[in-house]
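So the structure is just underneath, and the comments pick up after that.
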Amino acid sequence: MAKVSVTSVELPPRPQLFDFHGVSMTEYFTQRWETIQNFQARPDDILIATYPKAGNTWLSYILELLHFGQSSSEHLTSVPLYLRVPILEVTIPSLEPGTELLDNLSTSPRLIKTHLPVQFIPKSFWEQNCRIIYMARNAKDIVVSYFHFERMTFVHPEPGDWNSYFQRFLEGKMVCGPWYDHVSNWWQKKQSYSKLHYMFYEDLAEDTGREIDKLCCFLGLSPSAEERETILGKTQFDNMKTNDMVNFSRYKGMDFKISHFMRKGKVGDWKNHFTVAQNEEFDEVYKKKMKDPSLQFRTEL
Ligand code: A3P
């Protein structure tokens, strides 16, 4: 198969999805599985967990500014976020594996990004009683965001056209498995693991300050009013979109001519993509798969 060339970097062909312990994955998420499973978490590590496209980058940047905004501003302006908050499970071309980046990370606490379903989280995180923040986003906006992301990201499977992608999402054949299981199983974990803060993208979009206050309460942080204002400004969508250290423009596995990593940042963009029939089908499937009435999502604000 011909290799894809993006801005002079040779990339391998797009990866294939395969079943991995009951979850669709690609080799980029599984190839160093033993090392990932044996990863040694530290008690002060903070795990930032999301299904893909639920706003992990946004949340990671907020957490980074809360922890290090004052002390290491040079670091923040010279090293891309994907190196400062590494993805635990990922081994992709032209980047050191996540576990190695984490082993060499000098920050304390370490902020660790993951998209893994809860059952795949290395056991040391539970043993060390680490703080975990899970952010969920409504499924309709996820499928749209994921589609555009996979169009422009060569380290993900080829998405095909919108209609077939939509069907594949309903079947749960996406990297990291079905959205329904991901958000529901993490929600269930929250009932038994007290150091898990479960939050929603839609709430963060509605009132970022309020959600930052809740995060601070969970993390035992008390930023000054001025620091809080600075964080609110820096993490606004338009500011993140033009910040080369957080917008992934430094990463060569994405083609920004196709789409942007910081694409729209809206609640309700699904309305610009779903047909009426697709929306009805989606709602039908949703009703069957989402049985827990205590887990509710908003698809518009
Ligand atoms: P869209 O594709 O809908 O724009 P992740 O970081 O988990 O991959 O999630 C990416 C999604 O979060 C993208 O959604 C991106 O635009 C959105 N996002 C990132 N930063 C944001 C911000 N500051 N405000 C709102 N949305 C943001």
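Scope of the values below: all heavy atoms of this structure, side chains included, with no hydrogens, waters or symmetry mates. In listed order, ligands and their atoms are each counted from 1. Counting from 1, the numbers follow the sequence of the chain as shown.
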Item to check | Geometric N/O contact Tyr51 with ligand 1, under 3.5 angstrom | outcome: no
Item to check | Test of proximity, Lys264 against ligand 1: N or O pairs below 3.5 Å | outcome: yes
Item to check | Nearest-neighbour protein heavy atom for atom 22 (C) of ligand 1, which is reported as residue plus atom name and distance | outcome: Trp58 CD2, 3.3 Å
Item to check | Cationic tip of Lys53 above Tyr146 ring, under 6.0 Å, 45° of axis | outcome: no
Item to check | salt_bridge(Arg14, Glu150) N-O dist < 4.0 Å | outcome: no
Checklist entry - Backbone, side chain, both or neither: what part of Arg137 comes under 4.0 angstrom of ligand 1, heavy atoms only? => result side chain
Checklist entry - Can the ring centres of Phe125 and Phe39 be said to be less than 6.0 Å apart? => result yes
Checklist entry - Are any of the side-chain heavy atoms of Trp270 and Phe282 separated by less than 4.5 Å? => result no
Next on the checklist: Check this for me, if you would: do Lys140 and Asp269 make a salt bridge, where the nitrogen-to-carboxylate-oxygen distance has to be below 4.0 angstrom?
Outcome noted: no
Item to check | Ring centroid separation Phe297 to Trp179 under 6.0 Å | outcome: yes
Item to check | For Met262, the ligand 1 atoms whose distance to one of its heavy atoms is below 4.0 Å | outcome: 16 (O), 19 (C), 20 (N), 21 (C)
Checklist entry - With a 4.5 Å limit on heavy-atom distance, are the side chains of Val175 and Tyr28 in contact? => result no
Checklist entry - Numbering the atoms of ligand 1 from 1, which are under 4.0 Å from a heavy atom of Met240? => result 20 (N), 23 (N)
Next on the checklist: Below 3.5 Å, N or O to N or O, backbone or side chain included: is there any such pair between Gln236 and ligand 1?
Outcome noted: no
Checklist entry - Considering only the protein, which heavy-atom contact is closest to atom 6 (O) of ligand 1, and what is its distance? => result Thr57 OG1, 2.5 Å
Checklist entry - In the protein, which heavy atom is nearest to atom 1 (P) of ligand 1, and how far is it? => result Ser145 OG, 3.4 Å
Checklist entry - Less than 6.0 Å separating the ring centroids of Phe169 and Trp162? => result no
Checklist entry - What residue and heavy atom of the protein are closest to atom 12 (O) of ligand 1, and at what distance? => result Gly55 CA, 3.7 Å
Next on the checklist: Checking contacts here: is it the side chain or the backbone of Ala54 that comes within 4.0 Å of ligand 1, counting heavy atoms only? Could be both or neither.
Outcome noted: backbone
Item to check | Passing option when Phe29 is tested against Val155, Val90, Ile87 for side-chain contact (heavy atoms from CB on, under 4.5 Å) | outcome: Val90
Checklist entry - Which is it for Arg263 and ligand 1 at heavy atoms under 4.0 Å: side chain, backbone, both or neither? => result both
Checklist entry - Do other residues, nucleotides or ligands put more than 12 heavy atoms under 6.0 Å from the NZ atom of Lys214? => result yes
Checklist entry - So, does Lys113 use its side chain to make a donor-acceptor pair with the main chain of Val85 at under 3.5 Å? => result no
Checklist entry - Is there at least one pair of N or O atoms, one from Thr50 and one from ligand 1, spaced under 3.5 Å apart? => result no
Checklist entry - What do you reckon, does Lys53 have a nitrogen or oxygen under 3.5 Å from a nitrogen or oxygen of ligand 1? => result yes
Checklist entry - What's the shortest distance from atom 7 (O) of ligand 1 to any protein heavy atom, and which residue and atom give it? => result Asn56 N, 2.7 Å
Item to check | Residue and atom name of the nearest protein heavy atom (relative to atom 15 (C) of ligand 1), distance in Å to one decimal | outcome: Phe261 O, 3.9 Å
Checklist entry - Any N or O on Lys266 sitting closer than 3.5 Å to an N or O of ligand 1? => result no
Item to check | Closest protein heavy atom (residue, atom, distance) for atom 26 (N) of ligand 1 | outcome: Tyr201 OH, 2.8 Å
Next on the checklist: What I want to find out is whether Lys271 reaches Glu300 closely enough, with some N-O distance under 4.0 Å, to be called a salt bridge.
Outcome noted: yes
Next on the checklist: Checking contacts here: is it the side chain or the backbone of Thr235 that comes within 4.0 Å of ligand 1, counting heavy atoms only? Could be both or neither.
Outcome noted: backbone
